[in-house]
Enquirer: 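For reference, the structure I am asking about is given below.
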Amino acid sequence: MSGWDRDRSGDYTPAPPPRAFWILVAILVIAVLYFAVFAA
């Protein structure tokens, strides 16, 4: 039982990460691209 499967139901199909995780990833990617373009 590893990864995102925390319910211990016995199935080995991991659940997708929460939506907040993807929002955070998107913000980080946009921030990196922003600084890469405007800091040059």
Side-chain angles (χ1 to χ4, degrees):
M1 294 295 177
S2 63
W4 297 98
D5 191 10
R6 300 255 190 256
D7 55 359
R8 292 182 173 81
S9 60
D11 55 348
Y12 288 94
T13 57
R19 185 173 296 170
F21 173 79
W22 292 116
I23 293 173
L24 181 61
V25 169
I27 290 173
L28 290 176
V29 170
I30 291 171
V32 168
L33 292 176
Y34 178 85
F35 286 116
V37 170
F38 288 100

Enquirer: Hey, what else clusters with L28 if you join Ile, Leu, Val, Met, Phe, Trp, Tyr whenever side-chain heavy atoms sit under 4.5 Å?
Expert: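 Reading the cluster by chain and number, L28 sits alongside L24.
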Enquirer: Please identify each residue that fulfils ring-ring contact (aromatic ring centres under 6.0 Å, His included) with F35, with sequence neighbours left out.
Expert: none
Enquirer: Could you work out the complete set of other residues in the hydrophobic cluster of V32, with links drawn between I, L, V, M, F, W and Y side chains under 4.5 Å apart?
Expert: none
Enquirer: Hydrophobic clustering (ILVMFWY, side-chain heavy atoms < 4.5 Å, transitive) - are F21 and V29 grouped together?
Expert: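 Linked, V29 and F21 end up in one cluster.
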Enquirer: Would W22 end up clustered with I30 when hydrophobic side chains under 4.5 Å apart are linked, directly or stepwise?
Expert: no
